[in-house]
Structures are given as C-alpha cells and as structure tokens.
There are 2 protein chains.
Amino acid sequence: MRKDALHNRELLLRAARSLFADRGLDVPLEEIARTAGVSIGTLYNRFPTRAELVEAVFEDRVATVAELAERSLAMDDAWKGLVAFITGVCELQAADLGYNDLAVRGAAADTAAGYALMRRIIERAQESGALRDDVTLEDMAFVIWGVAATVRATFRVAPGVWRRHLALTLDGLRATAAHPLPTPPMTPSQARAAMNDCP
Amino acid sequence: MRKDALHNRELLLRAARSLFADRGLDVPLEEIARTAGVSIGTLYNRFPTRAELVEAVFEDRVATVAELAERSLAMDDAWKGLVAFITGVCELQAADLGYNDLAVRGAAADTAAGYALMRRIIERAQESGALRDDVTLEDMAFVIWGVAATVRATFRVAPGVWRRHLALTLDGLRATAAHPLPTPPMTPSQARAAMNDCP
DNA sequence: TCTCAACTTGAGGAGGGCCTCAACTTATGC
DNA sequence: GCATAAGTTGAGGCCCTCCTCAAGTTGAGA
C-alpha cells in the first residue's frame, strides 16, 4: 500500500471514529469523507462497504472486551467480577454512540472466544451464589439492549444516568432478588437472530 | 367534512394503523397512501404532517393507559397494581411496533392526567413497602426504554421474551432487592428532554 | 338539475444518501 | 529523471422520500 493511501486511511478512520462516536453508526459516508478532507471516491477505495469501515474503526474493541473479561475473571469475588465486566462494557457503550449501536446490533460478543469468557463469568457468579440461577447468557442481551436504549436517550441530556439504570438492573440479577420468571430464555440462535435483524 | 373525505380518512387510518403496527412509525407516507388505495395528495389533505396522522392513529391509547392506571389503583395490593400497570403498558408496546416507537419518544405519558396517575401508582407502591424507596417516577423511563428495546429486537424472532426482561427488571424494583444507587435520578425536565430528542 | 366548494389526483421538483467511473495526479522502483 | 502502477477526484446516475399544486372530479345544497 502506498504511503499516501495509508495516510488517507488514517484520516478516514480518525474522522469516522469521531463522527460515529457522537452521532452513531448511520452518519452519511459523504460526511465522513468531507470531514477527513478526502473525496468520497477515496473512501470507497479504502473501504468498499460501510461494514468494512465500521469494522476497522472498532477493531480494537474486541480485544478491550476480552481483556475486561479476563480481568473480571481474575477478581476474587465472582459477583464483583460480573458487575465489573458488565459495567465496563456499558462504559464503552456510553462513551461512543457508534459502539452503542454496534453492541445492540450484536457484533459486541461476536467472537467465540468472547462468548466463552462471558459464559464463564456468568457461571462463576452463579456458583458463588450471588447471581440468580435462572438466568442464562442470552439474558445478558436484555441488560445490553436496555442500557443501550437509555444511553441513546440520555446521551446529550443526562450522560451518566445509565449507571442508575444499570444499578437497578443488576439488583434484579442478584440471587436474593429472584422471583420465578414467566418465560423461557432465548435460545442462542434466537439471540443471534435478534441481534442481526435490528438495523 | 364531505362523506367521501371522511371515508378516505378512515381508509388512511386503517392502513396507517396496520403498517405502523408491524413496521414502526417510520413507514413511508406514500406506502400508507398506496395501501389505503388513495393518492398521496389525499393523505396530505387529511393529515398535513406525519405527526397528525400518528396522533390520530394512536388517539385511543391515552384513554387506554388512563384506564389501565385506574384499574391498577383499584387493586388492593399496591405492588400488584404497579406490576399490572407496567405490564399493561408493555403489552401495548409489544402488540404494536408503532406504539413501541411512540412510547420511547415519550408521548406515552404525555398528558398531565396520566402523569399524575402514574405518580400515585408509584407512591402507593412505595408506601406499601413493596417498591423500593429510592426510585422516582422518572426511573420508570428505564423500564419503558429497556423493554421497548427488547421488544424491537425480538419482535419477529422471539415475541414474548420481553416478559422475561420485564420480570427481571421488576425484581430489581422490589424494596427487598434495593442496594444503593450510584447516581441521582433524572429531573422531570431531563426525562422530558430525553424522550423528545430520540427520533 | 345545476353549481360550486370541497375533494382527489399524480406528475414532478427538491433534497439526501449511495455508489461508479473516466480523467487526472503522484509515489515508487529502476 | 522516467515509466507506470497505484491512488485520487468529483460530477453524475440511481433511488428513495417528502411535499406541492394545477387540473380534473364529485357530493350536496338550492
């Protein structure tokens, strides 16, 4: 790849990162190109589809989440580990409307590795007796979707209240809060389908 | 108003009702007109703005919600009343993607009357000791936003799982589940603003 | 039956986003 | 320096949605 091409790629990523962050994933591509100071044709040269641009922008996030997961598993208190992990993910969502969108659309826990780590976090918290026994990994989508919605609604007007929403949600996940649930959980494939047909 | 005009109005409302219900509030107006078997010009004659059409379609809902609220207040058990009310609202959301959108955008509890009723439902549940003391009316937006997001994501793929999300959320609202909350609640005006800048 | 205000119609302008491609420019290896 | 492959550019075609308005149609009162 030629030097100027690489440079333009950087400019585009920088512009996309910033526009995604405060307007979400649906910013017009032309605006990204304009912000980067580059023509729309160049954008299409570097990133033939929007998905490729999005992936490039958020590439680092999967490592961040994996790291978050590992740090959580390293904590002594399994419940605190779970809380730290979920809080960490939500903080990423709250810091970036684009990532917030992405989390809703499901690319969040896309890798098999991330999936396995999350499963361990949950099982460990259940074994410790702190997390209620009747929830599954798929139920965590509810907390992601829920907090994402609150983040989106309050992003400009009350940034940070999502922590209150999350706290209430977590209180509902404690074993001591458990009351019988009315419906079976989503199957993994339902959860996957639900994430992929949002856009 | 002439008879044919009234008739067309009915056709338009019927079409809009059905399209809103399963595609949300953003259906193209031209499609609504086409479905109604009427020209786009006629749609604009009857409903100069999209908002007027939406309002006409969902006019009945405010009475429905008020009735729901009154029935809940009439229940002996204040907690059961709260649960019945919230469940009722969520059922409306789950039955109609359009109303789901509307609820998120905040027209749900728009009337001062509805607002007052909801306040009473909550205060009564708190006085009974079942609802945690540290939540406010504004916090209820979290449950609406959260369930709305789950409804939207699972509408086609797992209709009904939202009840599981709701059950978990309600478990977090019980007094017995309460742990200190990290952030003050939204002020009423923040809540209003959050609802009005979503679209 | 006649009249006319009320109503309907749909072509078309405006605006916005997506994407392509032929003509131009430039980095790079020799 | 030169040749050339790699890269850039932006006008323009496409499609979609919104909204308007001049011309045609029709219900209803006299």
Side-chain angles (χ1 to χ4, degrees), chain A residues 1-58 97-98 100-102 104-105 107 152 196-199, chain B residues 1-58 97-98 101-102 105 107 152 196-199:
Chain A
M1 190 142 102
R2 247 166 63 172
K3 182 172 55 152
D4 54 344
L6 206 88
H7 180 232
N8 284 337
R9 203 187 118 97
E10 277 329 304
L11 292 178
L12 283 165
L13 284 176
R14 210 193 313 281
R17 229 187 301 278
S18 129
L19 287 170
F20 285 159
D22 68 52
R23 308 249 305 276
L25 247 28
D26 293 326
V27 189
L29 294 176
E30 321 245 8
E31 190 172 353
I32 295 176
R34 201 180 330 126
T35 305
V38 133
S39 90
I40 180 66
T42 297
L43 188 155
Y44 277 97
N45 276 350
R46 297 295 124 239
F47 306 99
T49 70
R50 182 180 219 102
E52 288 175 71
L53 175 57
V54 169
E55 207 206 309
V57 165
F58 295 105
L97 273 193
N100 198 49
D101 286 356
L102 203 56
V104 171
R105 280 135 151 117
R152 217 177 219 300
N196 292 336
D197 78 350
C198 309
Chain B
M1 189 140 104
R2 249 166 60 172
K3 182 173 54 157
D4 54 343
L6 207 88
H7 180 233
N8 284 336
R9 203 185 118 96
E10 277 329 304
L11 292 178
L12 284 165
L13 285 177
R14 210 193 313 281
R17 229 186 301 276
S18 128
L19 287 170
F20 284 160
D22 66 52
R23 309 251 303 276
L25 245 30
D26 294 325
V27 188
L29 294 176
E30 321 244 9
E31 190 173 351
I32 295 176
R34 201 180 331 125
T35 305
V38 133
S39 90
I40 180 67
T42 297
L43 188 156
Y44 276 97
N45 276 347
R46 297 297 120 238
F47 305 101
T49 70
R50 183 182 218 100
E52 288 174 73
L53 175 57
V54 169
E55 206 205 310
V57 164
F58 294 105
L97 272 193
D101 286 356
L102 203 57
R105 279 133 152 119
R152 221 181 214 299
N196 293 336
D197 77 350
C198 310

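Just the heavy atoms: all of them, side chains too, but no hydrogens, waters or symmetry mates, feed the values below. First the proteins, then the strands, lettered A, B, ... as listed; each starts at 1.
Protein atom NE2 of His7(A) is 14 Å distant from nucleotide atom C1' of dT8(D), rounded to whole Å. Rounded to whole angstrom, the span from the CG atom of Asp26(B) across to the P atom of dG16(C) amounts to 18 Å. One atom, CG of Leu43(B), and another, C1' of dC19(D), lie 11 Å apart when rounded to the nearest Å. Between the CG atom of Leu53(B) and the C1' atom of dC19(D) there is a distance of 15 Å, rounded to whole Å. Remark: C1' of dT25(C) and CG of Asn45(A) are 13 Å apart, rounded to the nearest angstrom. Between Arg34(B) atom CZ and dT9(C) atom P there is a gap of 14 Å when expressed in whole angstrom units. Atom CG in Leu6(A) sits about 10 Å away from atom P in dT28(C), given to the nearest Å. Between Asn8(A) atom CG and dT25(C) atom C1' there is a gap of 13 Å when expressed in whole angstrom units.
Judged by distance alone, with hydrogens and angles left aside, Glu30(B) brings a side-chain donor or acceptor within reach of the base of dC19(D), the pair sitting under 3.5 Å. The base of dT28(C) is not paired with the side chain of Arg2(A) by any donor and acceptor separated by under 3.5 Å.
Side chains of Tyr44(A) and Leu29(A) form a contact here, defined as non-hydrogen atoms less than 4.5 Å apart.
Although no hydrogens or angles enter the test, the distance criterion places a donor-acceptor pair under 3.5 Å between the side chain of Arg50(B) and the main chain of Leu25(B). With hydrogens and angles disregarded, a donor-acceptor distance shorter than 3.5 Å links the side chain of Thr35(A) to the backbone of Glu31(A). Under a 3.5 Å cut-off, the side chain of Arg9(B) and the backbone N or O of Asp4(B) do not form any donor-acceptor pair.
Among the nucleotides dC18(C), dT8(D), dG27(D), the one closest to the side chain of Arg50(A) is dC18(C). For Pro28(A), whose side chain is taken as the heavy atoms from C-beta onward, the closest listed nucleotide among dA27(C), dT8(C), dG17(C) is dG17(C). Among the nucleotides dC7(C), dG7(D), dC18(C), the one closest to the side chain of Leu29(A) is dC18(C). Side-chain proximity of Ser39(B) to dT9(D), dG7(D), dT8(C): nearest is dT8(C).
In this structure, Asp4(B) and Gly41(B) both approach DNA chain D, and ranking their closest nucleotides by distance from the 5' end singles out Gly41(B). Sequence order on DNA chain D of the closest nucleotides to Met1(B) and Val27(B) puts Val27(B) first from the 5' end. Both Arg9(B) and Lys3(A) lie near DNA chain C, and the one whose nearest nucleotide falls closer to the 5' end is Arg9(B).
Under the 4.0 Å criterion applied to side-chain N and carboxylate O atoms, Asp22(A) and Arg152(A) are not assigned as salt-bridge partners.
Across all strands, Ile40(A) comes closer than 4.0 Å to base atoms (heavy-atom distances).
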